[in-house]
Engineer: 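I have a structure here, written as C-alpha cells, and I will follow up with some questions on it.
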Amino acid sequence: MTDLALPRFPRLIDRIAGRLPTLPLDLALRRFVGSLADRHPSLFSRLGEHAGKRFLIEPTDLSFAFLLAPDPAMPRLEAVKRDASGTIPVAHDARIAGPLAALIGMVHGALDGDALFFSRDIVIEGDTEAVLALRNAVDDAEIDLPAEIAVMTGPAAGTVAAMLKAMRPLAERLTGVALGRPGETA
Amino acid sequence: MTDMTNTPATRSTPTLVMGPVLFNWAPERLSDFYARIADEADVDRVHVGEVVCSKREPFFADRLPEAIERLTRAGKTVVVDALALPTLKRERQSVAALAGLDGVEIEINDMTPLALLPAGRRFAVSPLVNVYDEGTLGWFAARGAWSVALPYELPTASIERLAAEGARLGIETQLHVFGRVPLAISGRCYHARVHGLAKDSCQFVCNQDPDGLEVDTLDGEGFLAVNGVQTLSDACTAAGDEIATLLGFGVGAFRLSPQSCDMVAVAAIYRALLAGSFDGAEARARLGAVGLALPLGVPMMSGSWPATAGAASPR
Amino acid sequence: MNAPLTKIRPELVCPAGTPAALRTAVEAGADAIYCGFRDETNARNFPGLNFDQRELEEGIRFAHQRGAKVLVAINTFPQAGRTPLWHEAVAKAEGAGADAVILADLGLVAHTTEKHPTLRRHLSVQAAAANPDAIRFWVETFGIRRVVLPRVLSVPEIAAINAEVACETEVFVFGGLCVMAEGRCSLSSHATGKSPNMTGVCSPPSHVVYAQDGDELVAKLGAYTIDRTPKGEAAPYPTLCKGRFSAGGTIGHVFEDPVSLDAVQLIPALVEAGVTAFKIEGRQRSRAYTQAVVAAFRKAVDDHMAGRPIAADMTRRLAEGQTTTAGAYKKTWR
C-alpha cells in the first residue's frame, strides 16, 4: 500500500525474544520512561488531560507490545506479550499499531504520522484525541532513542552514546530504519 | 424613505420575518409566493433578492419591483438582500446597486456592501455574517445596523448575552426559527458536481430541488442538503419551546426561511406561538399539516445538539 | 489602477504546531512561520498542539536570530462574554515580539486597531474577504496590511484583486484543502455540536471514531458515518467535507475528494499575479511533514526566482489521501 519500503522486524529474532522472560525488559522500560520524564517534562505536560490515558503501542511485527501510561507523577511503560490468538490482552484507551520501523520513524520525526495513517501503514483505534495529543507531544520532544538509551547506562553514558552514534549510519543502512533523529548523525 | 414606525424600539410585540427565498424557484412561482405572502401572511417583514447564486438573478429581475410594490402596499416592510459571496465584477455591481434602491431596507450577507453603501445608509445584518461577540455587535450598531440576525450556530449563552447587548445598544437581534439551516457556502457548485457538470455550465439543475437536494450518509441517514454553492442541514429547523426562552432574552425578531410548503400556515402557527396561544409541542404538531416534505429538527442553539437530537432522520 | 505587476519575491509562510516544528520550519528555509496559543483563540486548537507564552517568546527569539518572522494566528471568533481571552492573546503576542497577528473577527480587529495601533494586522482566510471591495473595506477601516485570500478564487481572479487592492495578499500553496469558504462553515458544528469558528477545531478528533467493519474501515464523526473505505484504498482524512455520501442517486465525494492542495506548479503564475506570500497549511501535521514541505517549496521558489524550472511530484506522499489538486486556482475545479 505504500511506496515507503517499511522493513519488517526479523521474525527469528522476535520468536527468540518472545520466549525470554519479560522481567529484564520491564525493568529497562521502567528506567527508560522515568529518564524520559526527567529529560522531557514538556512531553508529559503537553498531554494535558490525556496523560491519564493508557496507550497500547503495538508493533505488528513483534510478539509483544508496549502499554504506556504517561502520568507525569508515575509514568509506566510495560511490555505485554501476545496471547495464543495473537492479540494483546490488556485494557487500553487508545491503540496505535504498525510496523516497528514506522513507530520508531515517527518517534524520531523522520516519518509523518498522518502520511503513515493515509497509507494504512499504521492503524489508530479508540480515543483519537488522546492519540493525537501523544503524537504531537512526542513530535515536539525531539526524542533521540540512542541518546536516551545511552543516558540510562549511567557513568558510561558518554562512551556508549559516541559508540551508538558511530554505529548508526551502518545500522540504518542494514535495517532501513531511522534509528535516530534526522540531523543527529555522527 | 418608508415610514419607519416598526423600528424595533417602538414595537413591543415581537416581529415575524419572512426570510429571503434561498432556493432556485421559477419566476412565476416566486411572484405567486410574494403575492400570497403580501395578501395572506401574518408577517411584519419580507425579504426579497438573490442570496446564493448571481446566475439566478436575471430570471426575476424584471418582476422584483412589482413584488416589492405589492408587499409594501400590503403594509410589509421590504428588505432587499445582497449576494452572500460576491466575487465577479457583475456580482459586485449587483451589490453596489442596492445603495440606489429607495423606500426599502437592505440586508448585507457579507462585508462587501460596507465598502459600497454610503456611510449614512442604514442596513440589516444577516445570519450569514459572523456576529459572535459584543465587540462585533457594537461595531455594527455604530456603523448603522438597525437589526442583526445572529449566526445559526450560536449557543444559547451567546444568544442571551448578545440579545441583552443589542437591547442596550437599541438595535434588534433576530434568530432563524423555521427552515433548513444554511451551514456553508463555497466557490464550487454541488448541484452541478452531483450532476457531473461544472458551475460555468450548470444548466440551472438546482431548479429541480425547491427545498435543496438531500445528501445522506452511506448508512442511509439524512445528513445535509445542497442548494447550488450553498450547503444546508437535512432537517428543517422548527423552534418550539425555544421561542419562549428567546423572548425572555429580548430577541426582537424571528425569521421563517421559506421552504416549499404552505408558508402562510407556518407564519400563522409562529404568530400564535409568539403570542403564547399554545406551546412548542402544539406548534410542532401543527407543522405536521403544512405540507412540508422535510423532517423537523431542533434549532442549533439547543445546546443538546449534536444534530441527532432532531436533524438526523433515517430516510 | 492596473500598475505593472513587477516580479515580487514571495515570502514563504510556514506552519508551526509545536516549538520543535517552528525550529524545523525556520531551518528548512521558512521566511515566516505562523503559530497559535494553546487555547480556542486559534483555528488549529488540536490536543497537544500550539504554544504557551514562554514557548512563543523562545520561538520568536529563535526565528528572529535566523532572520525569520513570526505571525501569531488569533483567528477564531470570540465567544460572547469571553472576549478578554482573545484580547489577552493579542496583547501577549505583541508583548512576545510577534511580527504580526492574523485576525478574523471584526470586533477583535477593531479592538486591536484601537488598543495596539502599531501591531501589524493581517486578515485571516477565516474573514472570507473574497473580492476587492470587501478587502478595501478592511484596509481602509482597520489598516489591514495583508489579506489571506479565501480558497474560492482562480489565479486570474487573484491577479485582478492584486491589481485593485492596496495591501499585500497571501495564498495557500500546499496542505489541507477547505472546499467551503473558510470562516463561513458550520458543517462541523452541525455534526458534532462543536463550532470551528468558536473553538478552533473542525471535525474534532474527540468526535472521530474509526472502526473496522468487515474489510471496510468506517470513519464516523459524531453520530454520522462520513466514509467507508475498502481494504487497499487510502484511509480518509477524518474531515466531514472529504467524506463519501449519497446524493441524487449517486454515491461519492459529494463535496471534495480527500485530496491535498499542491500549487507548486502554479508558483510562476501566482508570482506573476502579484501575490506577496505563499502559505503552507498544516500546523496539525508532524515535524517530518513540515521539514519535507518547507524544504520542497523553499527550493521551488528559489528555483523559480532564479529562472530554473520547478521539479515535480516531490510532496505527493505527504498529501492527505496521497493525491493532490490545484483547487480553485483552476476554474474547472468549481
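Excluded from the calculations below are hydrogen atoms, water molecules and symmetry mates; all remaining heavy atoms, backbone and side chain alike, are included. Naming convention: chains lettered A, B, ... in sequence-line order (proteins, then strands); numbering from 1 in each chain.
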Engineer: A side-chain contact here means heavy atoms from C-beta on lying under 4.5 Å apart; do A:D140 and C:P19 qualify?
Structural biologist: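 Yes, at least one pair of side-chain atoms sits under 4.5 Å.
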
Engineer: Using non-hydrogen atoms only, which part of C:D52 is less than 4.5 Å away from chain A: side chain, backbone, both, or neither?
Structural biologist: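 Nothing of C:D52, per the 4.5 Å heavy-atom cut-off to chain A.
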
Engineer: How about C:K92: does its NZ atom have over 12 heavy atoms from other parts shown lying under 6.0 Å from it?
Structural biologist: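 Yes, NZ of C:K92 has more than 12 neighbouring heavy atoms, counting only those of other groups under 6.0 Å.
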
Engineer: Please list all pairs meeting ring-ring contact (aromatic ring centres under 6.0 Å, His included) that have one or both residues in residues 64-115 of chain A, counting only residues at least two apart or in different chains.
Structural biologist: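 For residues 64-115 of chain A, and leaving out neighbouring residues, the ring-ring contact (aromatic ring centres under 6.0 Å, His included) pairs sorted by first residue read A:F64-A:F66.
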
Engineer: How close do A:R46 and C:G48 get, counting heavy atoms only, and between which atoms?
Structural biologist: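 In terms of heavy atoms, the two residues are closest at NH1-O, 3.0 Å.
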
Engineer: Counting only heavy atoms not in A:R11 (residues, nucleotides, ligands), do more than 12 fall under 6.0 Å from its CZ?
Structural biologist: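 Atom CZ in A:R11 is not crowded, with 12 or fewer foreign heavy atoms closer than 6.0 Å.
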
Engineer: Do you know the tightest heavy-atom contact between A:G109 and C:R287?
Structural biologist: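 Nearest heavy atoms, A:G109 then C:R287: CA-NH2, 3.5 Å.
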
Engineer: In this structure, which one of A:D139, A:D112, A:N136 forms a side-chain contact (heavy atoms from CB on, under 4.5 Å) with C:R285?
Structural biologist: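 Considering A:D139, A:D112, A:N136, a side-chain contact (heavy atoms from CB on, under 4.5 Å) with C:R285 is found only for A:D112.
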
Engineer: Side chain from CB out, backbone as N, CA, C, O: work out which of these in A:L132 comes under 4.5 Å of a heavy atom of chain C, or both, or neither.
Structural biologist: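 Answer is both: backbone and side chain atoms of A:L132 are under 4.5 Å from chain C.
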
Engineer: Considering only heavy atoms from C-beta outward, does the side chain of A:P182 approach that of C:Q291 to under 4.5 Å?
Structural biologist: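 They are not in contact (no side-chain heavy atoms under 4.5 Å apart), so the answer is no.
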
Engineer: For atom CZ of C:R66, decide whether the heavy atoms of other residues, nucleotides or ligands shown that lie under 6.0 angstrom number more than 12.
Structural biologist: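 Count over threshold, so yes.
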
Engineer: Near C:K231 NZ, under 6.0 Å, is it more than 12 heavy atoms from other residues, nucleotides or ligands?
Structural biologist: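 12 or below, so no.
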
Engineer: For a quick test of reading the model, state the closest non-hydrogen atom pair linking C:P230 to A:R120 and the distance between them.
Structural biologist: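 Heavy atoms of C:P230 and A:R120 come nearest at O-NH1, 3.4 Å.
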
Engineer: Can you tell me which of A:V138, A:T128, A:L134 forms the most heavy-atom pairs within a distance under 4.5 Å of chain C?
Structural biologist: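 Among A:V138, A:T128, A:L134, the one with the most close pairs to chain C is A:T128.
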
